[in-house]
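This report concerns only the one structure given below.
Note that ligands are numbered from 1 as they come in the structure, with each ligand's atoms numbered from 1 the same way.
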Amino acid sequence: MLSAHRASLLHFLADPDDVELEDSYEYFDDGLLIIEQGKIIALGHAGELLPTLPKNTQITEHSNSLLMPGFVDTHTHYPQTEMIAAHGSQLLDWLDTYTFPTETKFGDSIYARDIAERFLNELLRAGTTTALVFGTVHKESVDAFFEACEARNLRMVAGKVLMDRNAPDELTDTPESGYLESKALIEKWHNRGRLRYAVTPRFSPTCTEAQLERAGQLLEEHSDVYLHTHMSENLAEIAWVKKLFPHCKNYLDTYDQAGLLGRRSIFAHCVHLQEEEWARLAETGSGIAFCPTSNLFLGSGLFPLGEAVSNKINVGLGTDIGAGTSFSVLQTLNEAYKVMQLRGEQLSPFKGLYLATLGGATTLDLHDLIGNLNPGKEADFVVLDKSATPLMDFRMRQCKTLFEELFVFSMLGDDRSIKQTWSAGKLVHDRDR
Ligand code: GUN
Ligand code: ZN
């Protein structure tokens, strides 16, 4: 049976930096989205499409709402849900003080499953339908996460952390055990339903060269899995990498020498890259997760989005929970805008919402499946409430253009703005129930 949703509809067809703005998006003020068996089969003007629908079509009317593709979070950590907002330090100290002690708990499957459920609840409340997610070093953490995602039929990418030095003993594996456990997880979960696997070395300071090489071996043996790691987030981290890998040209080279760059490789942060690193990321089709709330929270720096754009590198937005301070991609856009302001650059709400949807999906090489509302795509979408709060209602009523409305959503919007979240055509979050 068909179902249909009537609302204002917005989605992106291309990167606003690559085409004329009018060609980058479609907007239907009174739109209709038609769904069959979890997939989009049509979208357009309600007035034109409603008369074509069979009589038994279930039509949901969303008044005063904007329907958009579900948000894509290209970098986050589910085990850090419980330590979001931990006060007072920069990256390396923050990892030792807060992160590592928290992550030791995830060898316990029951505990891990409980946190995975809480994390997914938060994601869906924020309108995020797909994320690239760190587990911990424990294989149990990944089983628990994927089991929770499978039960909700979500499209997610995740992996077990690889970490064989410079971390507490309870949190380290070895090149061999990390390889074998990752391989078993790939065989169990990769491409099972809507799930995909990411080989996940934490970052070069906690991986020996031997471990990075085994990660490269996994990518060679499974050509369509992802690579997910951190890079060039913090200046002390970069100096440490230089000491640990004296023979490497730069930070990126520590990954490059192990064969870890490519179309499905995503590097979180990349705040302080050198010219050569930008060029090499571009050449290999590697992607970047821009994590503004985290980069500000840990005092890491201001990501130069303009550099990524001029180098034609795929970029998505990352919440980076728990260094990031919000699950909301709208709040992440708010801080992205301010980061750009401090760099003397501007972020239009069109580019911002492109990054939040199709841009994120493209960075994850999932743009054939999700990221916009084109027929054939999986029906993952959010219904945004234009009057989520008295202030938003009041401010929205002053808006004269779509540009203004979208900018208000990306400055004032958060989980309160997400009226509903739908995944594969099913309601997975309803704010008012
Ligand atoms: N670098 C290595 N591990 C982490 C982490 O857990 N969070 C952040 N923000 N950076 C990292
Ligand atoms: Zn991170």
Side-chain angles (χ1 to χ4, degrees), residues 73-106 115 119 123 131-138 141 145 157-168 171-173 198-208 211-212 215 226-241 244 251-252 254-255 260 265-272 287-303 316-327 332 335 339 360 363:
D73 183 345
T74 60
H75 176 68
T76 187
H77 301 246
Y78 97 81
Q80 296 178 23
T81 302
E82 67 191 84
M83 47 145 299
I84 187 171
H87 179 264
S89 45
Q90 294 216 348
L91 176 65
L92 300 175
D93 181 45
W94 173 87
L95 284 171
D96 287 338
T97 310
Y98 302 112
T99 315
F100 291 156
T102 300
E103 292 194 3
T104 57
K105 304 183 204 168
F106 285 75
I115 304 299
F119 172 85
L123 232 56
L132 174 58
V133 182
F134 261 67
T136 64
V137 74
H138 315 93
S141 74
F145 181 71
V157 188
K160 176 198 118 63
V161 167
L162 300 169
M163 173 153 74
D164 68 343
R165 63 168 162 177
N166 295 323
L171 282 183
T172 51
D173 53 10
V199 175
T200 308
R202 179 168 219 120
F203 67 156
S204 294
T206 56
C207 297
T208 60
Q211 180 157 67
L212 294 174
Y226 290 80
L227 184 284
H228 184 198
T229 190
H230 299 94
M231 181 167 68
S232 278
E233 177 176 3
N234 166 288
L235 295 175
E237 169 210 10
I238 295 167
W240 195 17
V241 169
L244 291 169
Y251 197 154
L252 182 63
T254 64
Y255 298 128
L260 301 186
S265 300
I266 289 88
F267 297 89
H269 306 291
C270 298
V271 175
H272 311 280
I288 295 175
F290 172 19
C291 307
T293 76
S294 164
N295 293 340
L296 294 174
F297 181 74
L298 291 181
S300 302
L302 308 174
F303 175 70
L317 295 167
T319 61
D320 195 21
I321 300 301
T325 50
S326 175
F327 277 83
T332 305
E335 301 218 334
V339 165
T363 302

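Judged by the shortest distance from any of its heavy atoms, Phe134 lies outside the 4.0 Å radius around the atoms of ligand 1. Judged by the shortest distance from any of its heavy atoms, Gln80 lies inside the 4.0 Å radius around the atoms of ligand 1.
Near Ala323, with a cut-off below 4.0 Å to any heavy atom, the atoms of ligand 1 are 9 (N). Near Leu91, meaning under 4.0 Å from any of its heavy atoms, are these atoms of ligand 1: 1 (N), 8 (C), 10 (N), 11 (C).
Within His230, the N/O/S atom positioned nearest the Zn ion (ligand 2) carries the name NE2. The N, O or S atom of His75 with the smallest distance to the Zn ion (ligand 2) is NE2. When the N, O or S atoms of Asp320 are ranked by distance to the Zn ion (ligand 2), OD1 comes first.
Looking at Asp320 next to ligand 1, an N or O pair under 3.5 Å apart turns up.
His77 and His75 share a side-chain donor-acceptor pair at under 3.5 Å. Remark: the Gln211 side chain and the Asp173 side chain contain an N/O donor-acceptor pair separated by less than 3.5 Å.
Side-chain atoms of Thr363 do not come within 3.5 Å of backbone N or O of Gly287 as any donor-acceptor pair.
If you look at Phe106 and Tyr78, their ring centroids are closer than 6.0 Å. A centroid separation of 6.0 Å or more is found between the aromatic rings of Phe203 and His269.
Taking every heavy atom of both residues into account, Gln80 and Trp94 meet most closely at OE1-CH2, 3.3 Å. Listed here is the closest heavy atom pair of Thr74 and Ala289: OG1-CB, 3.3 Å. Residues Ala131 and Thr76 share a closest heavy-atom pair of CB-CG2, 4.2 Å.
With Ser294 as the partner, the side-chain hydrogen bond (donor to acceptor under 3.5 Å, both in side chains) test is satisfied by one option alone out of Asp320, Thr319, Thr325: Asp320.
Under 4.0 Å from ligand 1, not a single heavy atom of Phe100 appears.
At the shortest separation from atom 10 (N) of ligand 1 among protein heavy atoms lies Glu233 OE1, 2.7 Å. Arg202 NH2, 2.7 Å is the protein heavy atom nearest to atom 6 (O) of ligand 1. Residue, atom and distance of the protein heavy atom nearest to atom 4 (C) of ligand 1 are His230 CE1, 3.3 Å. Closest protein heavy atom to atom 7 (N) of ligand 1: Trp94 CZ3, 3.5 Å.
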